[in-house]
Amino acid sequence: MPTTAVASARKILTSLHDVMASRSNAQAKLNTVVEVIGEGLDSEVCSIYLLREGMLELFATRGLDQDAVHVTRMALGEGLVGTIAENVETLNLAEAATHPDFSYRPETGEDKFHSFAGVPIVRRERAVGVLSVQHVDPRRYDDVEIEALQTVAMVLSELIDNAGLVDEEDAFGLSSSLTGPEQLRGLTLVKGLASGNAVFHQPRINIEHVMAEDTEAERQRVYLAFDRMREQIDRMASQAEFGVGGEHEEVLQTYKMFAYDEGWGRRINEAIDSGLTAEAAIERVQQRTRMRMREIDDPLLADRMHDLEDLSNRLLRIVSGQLGTAASMGLRNDAILIARNLGPAELLEYDRRRLKGVILEEGSLTSHVVIVARAMGVPVLGRVRGLRTMIREGDHLLLDCEQGVAMVRPAQGMVEAYETRFAKSRERQAAYAALRDVEPFTRDGTRITVMINAGLRDDIPNLSLTGADGIGLFRTEFQFLVAATLPARERQTRLYRDVLDAAGDKPVVFRTVDIGGDKVLPYLRHDDSDGEDNPAMGWRALRLALERDGLLKVQARALLEASAGRTLNVMFPMVSEPWEFDAAKEVFDSQLAFLKKQKKLLPEAIRYGVMLEVPSLAEQLDVLAPRLSFLSIGTNDLTQFLFAADRSNPKLAERYDWLSPSIMRFLKRVLDTIANYDIDVTVCGEMGGRQLEALALIGLGLRRLSITPASVGPIKELVRRVDVNEIEQAMSGWLASPPPNLRKALLEWASEREITFE
Ligand code: PEP
Ligand code: MG
C-alpha cells in the first residue's frame, strides 16, 4: 500500500477505533462512521448498505437523503451496490450512470453525484454489505483511496459483527454471495452417493480482531509467523512424505517462492502500519490479491493463486494459533470433507459416523487415502478443479460418485431427484445384501472365492455383513497409521486375535507392515529416507521391515501368539527377490523357536505367502514357488511399476488402464508359471473389486479375489452371470491378438450376453 494510503487508512482507523469504543448504539456508531470515512476520504457521499433478510439495505449515509435510510433496498445483483455484493468485487467509476448495472434510486437524491466507488464488506468470505463513496465531479478514485476504503471495510465488518447488525443467516446463509447451485465435475475414486455439509480439512481462520492495539506487537507476530512458516516449508522440502501425499515438487517450488517473497511480507507490513492486526493484515493482502487475480483470466495463474491461498492460510493459522484440522475439532453433522489431498492417517482421524463423503482437488484410484475411504465406505470424488473457490464452509453438498459430480448448494428439485436415486441405491444395496449367504458360483458351476480386504478393528463386522469367504488381505499397517506411537506387541496381539476370533473358520491373511510410500509414520523415520525422490520405490514395506527387524520381530511374535492353536496365514509385501522372503521367514522361524522354548501354545499350521507387486519377482517365481503356500497379486503396486506410473500422481490417474493387454499378458504368464505348483493365487488389488476388471481376471483363470467389502455384492452378482468357458476362450483370443481397446471389447462381449455393470 503506498504511504499516502497507509496514512489515510490509519487516520480513519484511529477515528473508527474511538467510535467503536464509544458507548453509543450501533445505528449511532454507523452514522458517525460514514462521517469519519467521508471526511477522511474527502468524499461528499459515504454510505453503508448491509444485508438484511437477503436484501441490501441503506443503513447509514452522509450526503444522500436521510429519508432513504432503511428505505432504499436492493437485491443481490441489483444496481451497483448489489453487483458489488454479489461478485464480492470493487467498482470504481467516474460516471456511475454509464455502468450497465446502474439503477437509479430517486429517494436518495443521488442524481448530482457522478463518480462512484464501492467495496464489499466481507465476513467469512461472503459480502455482508457494501461501503460506497460518491462525488459530484466525474472522476475515478485513486488506487490509494480504494485501498483505504478496502481496509476500512475490513474494520467495519468487525463492527458489524460485534453489533450483530447482520443476521447469521444473511452472513453465512443462502442469501449472500456464491449462493446459486453449482455443479463440479471430477473423477469418481470411490463410488457412492452422499449428502452433507462442506467441512474444510484445513478450516478457514476466523479473524476475531481487525484493529490493532499495538502495531509493533502485531509486526513482531507476523515476523515470527513468517519464520515458522518458512521453517515448515523447508522441512516439507526435505521430508520423504512430501510429494507422496500429492503435494508435488512444482507446488513446493511455488510455496518456497511465495514464502520468501519480500513483496508479500512488505504488503502485510504496510497493512499493519495502517492499523490492522496481524491476522487482518494477512487477510487484507490476500483479499487484494484475490481481487487482482480475478481480473486475469489465466488458468496457470489461477493454480498459483491456490498455492498462495494455501500459504496465506498457513500463515494465518500460525499467527492465530488455530493449528488443528477439522478432525481435531470434531464433526458436528453429516459432513463432506474438502481438501486438496489427504494422507490415509489424516482421513482415519475423522468420525466415521459423520463423515459421509470426501472431495479432493487431487487423488487417484489407488492412493492409500482412497483405499482407506473405500474401506470406510465413504464415496470420494477426486481431481475437482477450483474446489475451494466454489465451495464455502457449511455449504450443502450432494456428492454423486456414480456420475462423478458434486452439487453445491443444490436447489430443492435436485435434492428430491437425489433422494430418489439414493432410495434406488439403497434398494441395490439391499439386493446385494440378500446375496450374503449365496455362494458365488459361475453359470457353469465354478466356485469363485470372494474375500475382503481389511485393516482396522472396525472392518471386522464386514466379514459377516458381506458373507465373504475370508479376509484375503489384512493390512496390518493401518493399526500403525492410526496410532500416535508404535503399537506395543500386546496391542497388536489383541487386534490379530480379535480378527481371528471374528473370522471363525474363515481364513485371514495377515500382511506384515507395509509402511513407507504414501503411508508415512511420523514416529518412524529412517535417517536417510528424508528427501527420497521416489518413496513408492524406496525404503518401504519389507525393505524397511528387514532393516528395522525389531519391528518385524515384534509383529511376528504378535501374529504367532494370536494364532496359537489355529492356522496363521502370513504374507510379505513388496518382495522383489526370493532371498527377501527367506530373510523375513527367518524372523518368524526364530520367534517360533523362542515360543517353543517357552513352551507356549503354537499355531497349528503356518502358511507363508508373498505379494507379487514388484515385476522382478515374476521372473523368479519358479525359484520361490516351492517355498510358498500362496501368492497374492497386488495389482495396485504392480501396475504402477509395470507402467512406471506413480499410483498417487493425480496427473496419471486416468492414463493407464488395468485392462491393458500388457497387464493381462503379464498376469497370464504369472498364472501359467504358478499352475505348476500347488499354490493359491489371489488378486488383492483394487481392480478385483470392479466388475469389468473382475470379469477379465476370471477370463485369465483367476478364481480368488480379495476386494473392498462394498464390492462383494456386485462381484457375486457378476460371477453368477458368467460362463467361465466362454470368457476364457474370448480372453485367450484377445491375448493372442489384442484388440485396439480391450475394455471396449470386453464391454461389447458382456453386453451381447446381457451382462450389465453397475
Ligand atoms: C497392492 O499393491 O495392490 C496392494 C493390495 O497393496 P497396497 O494397496 O496396500 O499397497
Ligand atoms: Mg501394495
Side-chain angles (χ1 to χ4, degrees), residues 189-190 241 244-245 343-345 347-348 363-376 380 450-456 459 470-482 508-521 534-545 569-576 580 584 609-618 630-649 653 656 658 663 666-667 670 681-690 693-694 697 702 704-709 711:
L189 297 177
V190 178
E241 63 260 51
V244 189
L347 184 65
L348 284 165
S364 66
L365 275 173
T366 57
S367 59
H368 277 101
V369 65
V370 170
I371 291 176
V372 170
R374 202 171 285 130
M376 291 163 80
V380 182
V450 180
M451 295 177 290
I452 56 165
N453 295 342
L456 290 171
D459 297 333
I471 299 180
L473 166 64
F474 191 88
R475 290 181 165 104
T476 59
E477 66 276 4
F478 281 7
Q479 189 192 13
F480 289 62
L481 282 177
V482 293
V508 179
V509 177
F510 291 100
R511 172 175 80 181
T512 58
V513 280
D514 181 2
I515 298 296
D518 59 352
K519 291 179 281 196
V520 183
L521 302 184
N534 293 300
M537 294 199 275
W539 193 65
R540 64 172 277 209
L542 198 60
R543 298 164 183 187
L544 175 154
N569 294 289
V570 60
M571 84 178 161
F572 305 119
M574 289 279 290
V575 172
S576 315
E580 289 170 321
V610 293
M611 290 193 72
L612 174 63
E613 307 181 274
V614 183
S616 65
L617 186 68
F630 60 91
L631 180 80
S632 200
I633 307 179
T635 47
N636 302 337
D637 275 313
L638 183 64
T639 45
Q640 81 164 336
F641 297 133
L642 277 176
F643 283 124
D646 182 350
R647 65 194 263 188
S648 303
N649 188 334
Y656 300 105
W658 273 315
I663 298 199
F666 185 93
L667 293 178
V670 167
V681 189
T682 306
V683 162
C684 64
E686 300 307 299
M687 74 180 281
R690 295 162 66 105
E693 282 80 350
L697 293 172
L702 266 153
R704 300 168 63 87
L705 300 171
S706 188
I707 58 182
T708 192
S711 293

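Atoms within a ligand are numbered from 1 in the order they appear, just like the ligands themselves.
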Counting only heavy atoms, which portion of I371 has something under 4.0 Å from ligand 1: side chain, backbone, both, or neither? side chain

At what distance, to the nearest 0.5 angstrom, does CD of E693 lie from CD of E686? 11.0 Å

Per-residue contact class, T635 against ligand 1 - non-hydrogen pairs under 4.0 Å: backbone

Can any side-chain N or O of D514 pair as donor or acceptor with the backbone N or O of E477 at less than 3.5 Å? no

Knowing that exactly one of T635, T639, L642 qualifies, which makes a side-chain contact (heavy atoms from CB on, under 4.5 Å) with F666? L642

Find all atoms of ligand 1 within a distance of less than 4.0 Å from any non-hydrogen atom belonging to G685, and give their numbers and elements. 3 (O)

Under 4.0 Å from a heavy atom of D637: which atoms of ligand 1 are those, numbered in the order shown and with their elements? 1 (C), 2 (O), 3 (O), 10 (O)

Inter-residue atom distance F641.CZ - D646.CG, 0.5 Å rounding: 9.0 Å

Rounded to the nearest 0.5 Å, what's the gap from CZ on R475 to CZ on F510? Could you check? 14.5 Å

Whether R511 lies under 4.0 Å from ligand 1, heavy atom: yes

Do ligand 1 and E477 have nitrogen or oxygen atoms that lie under 3.5 Å from each other? no

What are the atoms of ligand 1, with element, lying closer than 4.0 Å to any heavy atom of M611? 4 (C), 5 (C), 6 (O)

The closest protein heavy-atom partner of atom 2 (O) of ligand 1 is E613 OE2, 2.8 Å

Any idea which atoms of ligand 1 are less than 4.0 Å away from a heavy-atom of D514? 10 (O)

Do any N or O atoms from the side chain of T476 and from the backbone of R511 form a donor-acceptor pair under 3.5 angstrom? yes

Find the distance between CZ (R704) and CD1 (I633) and round it off to the nearest 0.5 Å. 12.0 Å

Where is the nearest protein heavy atom to atom 7 (P) of ligand 1: which residue, which atom, and how far? H368 NE2, 3.3 Å

Atoms of ligand 1 close to L473 [distance to a heavy atom under 4.0 angstrom, numbered from 1]: 5 (C)

Atom of E613 closest to the Mg ion (ligand 2), considering N, O or S atoms: OE2

S706 and N453: side-chain donor and acceptor closer than 3.5 Å? yes

So which bit of R475 gets within less than 4.0 Å of ligand 1, heavy atoms only: side chain, backbone, both or neither? side chain

Under a 3.5 Å threshold, yes or no: a donor from one side chain and an acceptor from the other, between S576 and R543? yes

Only N/O/S atoms count here: what is the atom of D637 closest to the Mg ion (ligand 2) called? OD2

